[in-house]
Amino acid sequence: MGESGRKKSVELPANITVRDLAQAVNASPIEVIKVLMANGVMANINQLVDFDTAAVVASEMGYEVTLEMPDVEEEKETGEIPFWRRLIADEPQEKLRPRSPVVTILGHVDHGKTTLLDAIRKTNVAAGEVGGITQHIGAYQVEHNKQIITFLDTPGHAAFTAMRARGAQGADIVILVVAADDGVMPQTREAVAHAKAAKVPIVVALNKIDKPNADPERVKHQLSEVELVPDEFGGDTIVVPISAKQKKGIDDLLEAILLVADTMTIKANPDGRVTGTVIEAELDKTRGPLATLLIQNGSLSVGDVVVVGEVCGRIKAMFDYRLRPIRKASPSTPVSVMGLSDVPAAGDVFQVISSEREARQMVVERQQMREKSSASPKAAITLEKLFDQFQSGETRELRLIVKADVQGSLEPIISSLKDLSSSEININILHAETGNITENDVMLAAASKAIVIGFSVQADSAARNLAEAEGVSIRIYDIIYRMLEDIEKALKGMLEPEERQTVIGHAEVRAMFRIAKYGMVAGCRVTDGELRRNGKLRVLRAGQVVYDGEVGSLKHLQEDVREVRQGFECGVAARNFDAFVTGDVLECYIIEKN
Ligand code: GDP
């Protein structure tokens, strides 16, 4: 902001709270609220307004307004670099050769990702094969202007959040599909966050322009608000209007991809260390484990020994995306392979190892490592460890997924969290929404190394289990101030270790009987893990917590015991609770310091 010349000028971000807007234009919040009201916008002081609205207010107050552009350099330094990019960076420069760009399609549900993938496949796969390709291997290649483009074909619906996060990691370019009749939606924002975190450039496919209610201009403005400023507005995002359904604009889109690819260095060493990512994998009834691999460096040949996660094997046969057998595949090629000992996980990294003995040894070591570390959850991001990670330069970003009970509390939470960002640490809110914390939130957090923050909400039991397995940290608060205080402390390395709940077992209530000292006691069978006399106890009924407290007494065949293991019967009394019902699930947990 400055007072140059006759008219004052001000730079405003894509979204701003009324309070900050008032400060930016040197006015009181009340004055700003009045101008907003005069323009038909009812807003409170903590409410976020978009750039367009803020610009109206600022210009009415005598300012010339420009959109604040994100600092590109700073953005480049935050986020993380996928392993294969680091690997390629280590290859001798003179050995690097151009490879075809790998593209993934992201976007909100129903905006036309599948239709677009089909349209590209049908219009551009070599002639003579049109309609002939019915089987999917999770990726395919097309030719445009004599250049090859590789498309990852991973599903894009909500249940695949984690895969999508990984999809963005494997790609050079993201096509963001936005329906011209619907505009920027929550999953659009999520996709932008993923692509930015992976530092992958975005080309926007403005889809469904054939629809009578399509409003491309409105969508372009919305795109500017998520920092994808279309080139016609002076930004650097290419926006290509298309109709996936009518197969219009597809060539322009492919052209745009090649244009963006031209500005990047898309290279690999075809003779270097062979490595890449698992795109999809399944168990085929007749052929055994089948995996689609994307080769990212080196060349994969039939007969190579591959290790991926805790799976290894010698490649017995290899097929291209048309399922034609091939013997060797170079960087950016997707292939379907046979010969692995088991089904690997999508998103896992594979590498070629010189001998089968060495490969088996690696797998054994990895299994041992996992067993050792499974006692403690996976090394994910926690608020307590954050400071060390900042200090070591491992990360410069705190990623958050925010869930709140009502929209009204979400907005002030987001804006106050954003205020904590500094030049050293960027606070990146990947996703913010109202509602309880679900498995999907945890999946997104795990895939993008984020922390889940809940405000006056609960985490359902599926989400809690997944968080525990994945080592994702969930923090729930009732008071905004407490949450901000914790994060501020974490950023300064002053946060005390949090108590962590670890579920150690479950039992099912089969009958109730009365014991004078305790009232109703539950007769149960331990279904997994164990129950401990000194453990904490939750009673779950239809997935809801009806009691959370402590084990009062634990008996096995009338004897007081310290623990009862899976498969055994026991009698359980809870402290200050006896309203058990047949079918209740008892969850025993312990509290540990992180
Ligand atoms: P996805 O959920 O993003 O994969 O979306 P789909 O590809 O399944 O498309 C959702 C719906 O939008 C389907 O009914 C499509 O036929 C329709 N659709 C997709 N692209 C277009 C388009 O360009 N124009 C029109 N009119 N409809 C489209």
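Read the numbers this way: they start at 1 and go in the same order the structure lists the ligands and their atoms. Both backbone and side-chain heavy atoms feed into the values below; hydrogens, waters and symmetry mates do not.
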**Message:** I need the full list of salt bridge (charged side-chain N to carboxylate O under 4.0 Å, His left out) pairs touching residues 173-184, with sequence neighbours left out, sorted by first then second residue.
**Reply:** D181-K211

Please identify which atoms of ligand 1 are closer than 4.0 Å to at least one heavy atom of [X].
{"X": "K211", "result": "26 (N)"}
{"X": "K245", "result": "20 (N), 21 (C), 22 (C), 23 (O), 24 (N), 25 (C), 26 (N), 27 (N), 28 (C)"}
{"X": "H108", "result": "3 (O)"}
{"X": "D110", "result": "1 (P), 2 (O), 3 (O), 5 (O), 10 (C), 12 (O)"}

Does an N or O from [X], backbone or side chain, lie closer than 3.5 Å to an N or O of ligand 1?
{"X": "V109", "result": "no"}
{"X": "L116", "result": "no"}
{"X": "Q246", "result": "no"}

**Message:** Under a 4.0 Å threshold between the charged nitrogen and the carboxylate oxygen, would K403 count as salt-bridged to D441?
**Reply:** yes

**Prompt:** Do NZ/NE/NH1/NH2 and the carboxylate oxygens of D284 and R287 come within less than 4.0 Å?
**Reply:** yes

**Fill in**
Applied to residues 231-267, the ring-ring contact (aromatic ring centres under 6.0 Å, His included) test, sequence neighbours excluded, yields H221-F233

**Message:** Heavy-atom pairs closer than 4.0 Å: do any link ligand 1 to the side chain of N207, the backbone, both, or neither?
**Reply:** side chain

**Backbone N/O of C312 and side chain of S341: donor-acceptor pair under 3.5 Å** = yes

**Item:** Validation row, ring centre Y477 to ring centre F455 under 6.0 Å
**Value:** no

